Number of protein chains: 2
Amino acid sequence: MSMTPDSDASIDDQAARAAWLYYVGGLTQDQIASEMGLSRQRAQRLVSRAVGAGLIHVRLNHHLARCVELEAALRERFRLVRCRVMPGLGPGRDPVRSIAPAAAEEMERVLAERGSRVIALGTGRALRGMVDALSPVEAPQHRLVSLLGNIALDGSASYFEVIMRLAEKVRAPHYPMPVPVLVDTVEENLTLQSLGAVRKVRGLAQAADVTFVGVGQMSDDAPLMTDGFLTLDELHEIQRAGAAGEVAGWIYDGEGRYLDLALNARLTGVRVEIATPERPVIGIAAGAAKVVALKAALTSGIVNGLVTDEPTAAAVLAG
Amino acid sequence: MSMTPDSDASIDDQAARAAWLYYVGGLTQDQIASEMGLSRQRAQRLVSRAVGAGLIHVRLNHHLARCVELEAALRERFRLVRCRVMPGLGPGRDPVRSIAPAAAEEMERVLAERGSRVIALGTGRALRGMVDALSPVEAPQHRLVSLLGNIALDGSASYFEVIMRLAEKVRAPHYPMPVPVLVDTVEENLTLQSLGAVRKVRGLAQAADVTFVGVGQMSDDAPLMTDGFLTLDELHEIQRAGAAGEVAGWIYDGEGRYLDLALNARLTGVRVEIATPERPVIGIAAGAAKVVALKAALTSGIVNGLVTDEPTAAAVLAG
DNA sequence: GGTGAGCGTGAGTATTTGCCCATACGGCGA
DNA sequence: TCGCCGTATGGGCAAATACTCACGCTCACC
């Protein structure tokens, strides 16, 4: 009931138009201002808004020789069905920015399939970045399913965001898993898993045609700990048991063999088993901290597809 | 055998990397310079080179309300199977810049098909822009075929560029038509058309699954004339016969009915017949000069798909 | 081996952009 | 109704970017 019923849409429209004139038309902000009848500052704000809101996507159309080499080496060494290596952004800069557009492209490739696919999704910053970088496409023929519980300990919806935002962008039916990643007792877990809704989502996830996951490290900055699912003491104990990394909450050792931990009985999500070419599992991960975890997951074939950045790729191959 | 065997590739690599850091990483040119160990000017030049060489693509992820409206109106009025309307860039600016990315997206949609398709191509600046804006994809399952002769009067290869560059980008088999658009006599035309190579290309073009064409105006700045295929006198005569526009060299009247001209017997290419939903013909065209030609082609259904810009769409609907 | 054309480089400079701040506008509660 | 607060606006300024020019280098052709 505001004075401008379409204030948000129309301001995004303006922003998109300004950005179009700026990036596609190559006009200066001054020219945009007079073209659209605005002050220069407003034009500047609109362009900046369009970029910030992700209305504008920039993609690189050139395969850097170094990245292609690394891709080929990774493909061969780990028998990958898909592999993309993007340029690094230099030390101290978030590698998610770099890999998100490429991950989005991989997802778009899957979404462009005519036939219906079941797409399973993990959680995490990298996947979140992927979804943000994705261009909206109508792909209602596919089904999106969550691999693991989407409820964080603090009750926030942050774990829902990957699947919900993706579903919104592609208008596909989606099956989040409205339970915590990890519950307190084995009994609780059994109770949850006996629920029809949970069983259905788990069944769908197990039958996924393609899976996109992040990869978590098990060093002292492990996502499982920073998100509060493990205490530092528990983490240290698991580290002593040989933990190298984690996919969808399931922890594996340095060779990518899942560990037989008491914790497992309290995980609500499904475990990603060794990937096959017909049912690929694409890992989206980059950063020095993740090298060990990535290498292990690649070695045993928990993932058989990879989107990463240059320094990470080099480190995985070097090690 | 130059000192730097990869000078061009490596400079493009550098340019791509600089542009990546600039647009994706959000670094300033100063930061790029120190990151890559260059002078600031060099970083600036690399970024600018990357943009100029089309190494970087910018896309808008927001459907402007006004454009969506125009698309819906065009779709309904002319029973189009595909329609994209892109924002205009303001008077005096080349509309090809605006429509090329959208045309490229339409082409990418076709190229993403798993099955093999025959894609027929016209010529012209708009299609050339489309190919430039296309991201390279491997699509060797499709065949690209030219609708009309690819030899210009001055013998230049400019008419080959659309199909050759596209073929290079997607690595698909391609069938250009190595004859002039227009020959001097009917006999010459019969001779050419009896050649096996020409027959084969024409046959393939007639069986195309999808066709992309530009649309030529028949006003005094008609492409057929500026390219030297018609003299001004001939043009005026054809104008008096009711010419409104031209697709692949074949001239039609204000209702989109092909004209029965003496000229026709000297055209070497195939005529695009009324499009069907199964075998769509996508017109790529924008600009005030093309409004009449476009409207006629849309009216009779010579094209049943359209990529244009806002002012052109509005003018076509208004008239 | 000399010479001129053409390209790439860095310095300097004009233009463009991003940011901060003072100010105006409009909603909302007292 | 008044005054407060959050938000949006345009002016001004510093930073960043694009352009121009003169120089030097390479390379091809004499």
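Here the structure is a predicted model, which is why all the values come from computation and not from measurement.
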**Fill in**
Whole-Å distance, A:Gln31 CD to C:dT15 P, equals 13 Å
**Request:** Give the rounded distance in Å between these two atoms: CG of B:Asp30 and C1' of C:dA11.
**Result:** 15 Å
**Nearest-Å distance for atom pair CZ/P, residues A:Arg49 and C:dC19** = 16 Å
**Request:** Determine, step by step, whether B:Asp132 and B:Arg128 satisfy the salt bridge (charged side-chain N to carboxylate O under 4.0 Å, His left out) criterion, reporting the C-alpha distance in whole Å, the side-chain angles of both residues, the deciding distance to 0.1 Å, and the verdict.
**Result:** CA-CA 6 Å; B:Asp132 283 341; B:Arg128 175 61 204 278; 3.5 Å; yes
**Distance below 4.0 Å between B:Gln29 side-chain N/O and D:dA16 OP1 or OP2** = no
**Message:** What is the distance, to the nearest angstrom, from the CD atom on B:Gln14 to the C1' atom on C:dG8?
**Reply:** 13 Å
**Residue B:Gln41, side-chain heavy atoms: nucleotide from C:dT16, C:dG10, D:dT17 that is nearest** = C:dG10
**Asked** Quick one: is D:dA16 close enough that its OP1 or OP2 comes under 4.0 Å of any side-chain N or O from B:Thr28?
**Response** no
**Request:** Calculate the interatomic distance between A:Leu27 atom CG and C:dT15 atom P; express it in whole Å.
**Result:** 18 Å
**Prompt:** Any N or O donor-acceptor pair linking the side chain of A:Arg45 to the base of C:dG18 at under 3.5 Å?
**Reply:** no
**Request:** Starting from P on D:dA16, measure out to CD1 on B:Ile32 and report it in whole angstrom.
**Result:** 12 Å
**Message:** Under a 4.0 Å threshold between the charged nitrogen and the carboxylate oxygen, would A:Arg66 count as salt-bridged to A:Glu69?
**Reply:** yes
**Message:** Just to be sure I understand the rule, does A:Arg40 reach a base, reach only the sugar-phosphate, or reach nothing, if contact means heavy atoms closer than 4.0 Å?
**Reply:** base
**Asked** Side-chain N or O of B:Arg42 less than 4.0 angstrom from OP1 or OP2 on C:dG10?
**Response** no
**Message:** Side-chain N or O of B:Tyr22 versus OP1/OP2 of D:dT17: is the shortest distance under 4.0 Å?
**Reply:** yes
**Message:** In this structure, how many angstroms lie between the P atom of D:dG10 and the CE atom of A:Met36, rounded?
**Reply:** 13 Å
**Prompt:** How close or far is atom P of C:dA14 from atom CD of B:Gln44, stated in whole angstroms?
**Reply:** 17 Å
**Prompt:** Charged N to carboxylate O below 4.0 Å: is that the case for A:Arg84 and A:Glu310?
**Reply:** no
**Request:** Please confirm whether the backbone N or O of B:Arg82 pairs with a side-chain atom of B:Arg75, one donor and one acceptor, at under 3.5 Å?
**Result:** no
**Asked** Can we say A:Asp94 and A:Arg125 salt-bridge, meaning some charged N sits less than 4.0 Å from an Asp/Glu carboxylate O?
**Response** yes
